[in-house]
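If you're wondering where the values come from, they're calculated on a predicted model, not measured in any experiment.
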Amino acid sequence: TAGGDGDGFLMRDDRCASSSRGAERAVATRCASASAASPGVTYTGFAALASVARNDAERPAQLTTISDLLRLAARRLQAAGVCSPALDARLLLGGALGRSREQLQLDHFKTITTADAVRFEALLTRRIAREPVSRILGRREFWSLEFEINTDTLDPRGDSETLIGAALDLIKDRQRPLRILDLGTGSGCLLLALLSEFPNASGIGADISPGALDVARANAVRLGFASRAQFIECDLRAADWPQRAGGLFDLLIANPPYIPDAQIAALAPEVARHDPRLALAGGDDGLDFYRLITISMRRVLAAGGVVI
């Protein structure tokens, strides 16, 4: 098998390598032929394969296997500067086919239909333009839970899981009936992940964005935490936000905006173009919301409360 982030689960014997090279040559040949037959039209990628196949009864099997599509897609993503091309190709093909990663592993020598190839090409084109996979698919896994996201929510990052880990380290009794306040809840990932670990806890997620709150509520319902989670519109820049939060809390958790405003445009395209600015912009030095929380947090903390 290939190492690193290469072809992942794909078997790399001579037969597979030869099939891949043959597939690439055949795609190039058939695209050139199709373009020559239709002046003014250029066929590229899997859309070319699909267009040619619609008018050609002969469809070489190696051109439509999951294995070949993944390999060719990974190379195109790598050329576009995507840092995890093989993984992203698998996720997108799984989304196009409605198959899990495990199913793709089992089926990687099977062929797919022209319609599936066209759907995959559409998703792949968006990723080549540096739209994140999670935005393309509309979901992101966080703490082993699947969250829906949209343009109003930050794309949850894996490193934010360290906040959940810190809470578990600090609060050993998993059965405590905690009250949790999640400031800047976004998709609700921090609050709902905590509720999955503390079965007797309840919490409030606060955010300035009505669109983000709608997503968080939907995630709570879908994940089965709606009876223990509430979501409120709240602006941390307003002096009365502690009163709006309502009561005292045993745990305050937050991952507020922390990017200096002037640096946002220089971030990776996946972030600068697709994460909402409200979730990124932390003021001139990136610390505006940390100051606001620090100044007021004692007004919402119960005795012995924890801030993360």
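No more than 12 heavy atoms of other residues, nucleotides or ligands sit less than 6.0 Å from atom CD of Q230. Few gaps surround OH on Y290; more than 12 heavy atoms of other groups in view lie less than 6.0 Å from it. The environment of CG in D284 is sparse: at most 12 heavy-atom neighbours from other residues, nucleotides or ligands sit within 6.0 Å. For E148, the CD atom is densely surrounded, since the number of other residues' heavy atoms within 6.0 Å is greater than 12.
Comment: D159 does not engage R157 in a salt bridge, judged by the lack of any side-chain N to carboxylate O separation of less than 4.0 angstrom. Under 4.0 Å is where a charged nitrogen must lie from a carboxylate oxygen, and between R135 and D275 at least one such pair does. Salt bridge present: D285 and R291 bring a charged side-chain N and a carboxylate O closer than 4.0 Å. R127 has a carboxylate O that lies under 4.0 Å from a charged side-chain N of D88, or vice versa, which qualifies the two as a salt bridge. A salt bridge does not link E121 to R126: none of the charged side-chain nitrogens sits closer than 4.0 Å to a carboxylate oxygen.
Here CZ of R244 is found 9.5 Å from CG of D235. Values are rounded to the nearest 0.5 Å. The structure places OG1 of T153 at 7.5 Å from CG of D155, a figure rounded to the nearest 0.5 Å. A distance of 13.5 Å separates NE2 in H274 from CG in L154, rounded to the nearest 0.5 Å. Rounding to the nearest 0.5 Å places CG of D207 at 6.5 Å from OG1 of T185. We find the OG-CG distance between S296 and L301 to be 11.0 Å, quoted to the nearest 0.5 Å. A distance of 11.0 Å separates OG in S100 from CG in L91, rounded to the nearest 0.5 Å.
Counting heavy atoms from C-beta outward, P257 and L280 have side chains that stay 4.5 Å or more apart. Looking at I253 and L191, their side chains never come closer than 4.5 Å, going by heavy atoms from C-beta outward. The closest side-chain heavy-atom distance from S134 to R139 is not below 4.5 Å. A heavy-atom distance below 4.5 Å is not found between the side chains of I308 and L252. Looking at heavy atoms from C-beta onward, L213 lies in side-chain contact with E233 at the 4.5 angstrom threshold. Within the 4.5 Å cutoff, side-chain heavy atoms of L70 are placed close to those of L93. Put simply, the side chain of L190 reaches to within 4.5 Å of the side chain of I164, judged on heavy atoms. The side-chain heavy atoms of R176 and F198, taken from C-beta on, include no pair separated by under 4.5 Å.
With hydrogens and angles left out, the side-chain atoms of S187 and N219 include no donor and acceptor closer than 3.5 Å. Side-chain contact of Q105 with R90: a donor-acceptor pair under 3.5 Å is absent, judged by distance alone. Side chains of S160 and N255: a donor-acceptor N/O pair is present below 3.5 angstrom, by distance only.
Screening L87, V82, L72 for a side-chain contact (heavy atoms from CB on, under 4.5 Å) with L77, the sole residue that qualifies is V82.
With hydrogens and angles ignored, the 3.5 Å screen pairs a side-chain donor or acceptor of R228 with a backbone N or O of A201. Checked by atom type and distance alone, the side chain of E146 never pairs as donor or acceptor with a backbone atom of E141 at under 3.5 Å.
Nearest heavy-atom pair across A229 and L192 is CB-CD2, 4.1 Å. The heavy-atom pair separating P132 from E270 by the smallest distance is CG-O, 3.5 Å. Shortest non-hydrogen contact noted between A272 and A265 is CB-O, 4.3 Å. In this structure, F120 and A89 approach most closely via the heavy-atom pair CE1-O, 3.8 Å. Considering all non-hydrogen atoms of both residues, R99 and I66 come closest at NH1-CD1, 3.3 Å. Residue A167 comes nearest to L194 through the heavy atom pair CB-CD2, 3.7 Å, listed as atom of the first residue, atom of the second, then distance.
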Show your reasoning for whether side chain to side chain contact (heavy atoms under 4.5 Å, CB included) applies to L183 and I293. CA-CA 9 Å; L183 296 177; I293 293 171; 4.0 Å; yes
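Remark: R217 fails to qualify as a cation-pi partner of F231 under the 6.0 Å distance and 45° angle criteria applied to the six-membered ring.
Both I204 and L292 are assigned to one and the same hydrophobic cluster, defined by single-linkage of ILVMFWY side chains at heavy-atom distances under 4.5 Å.
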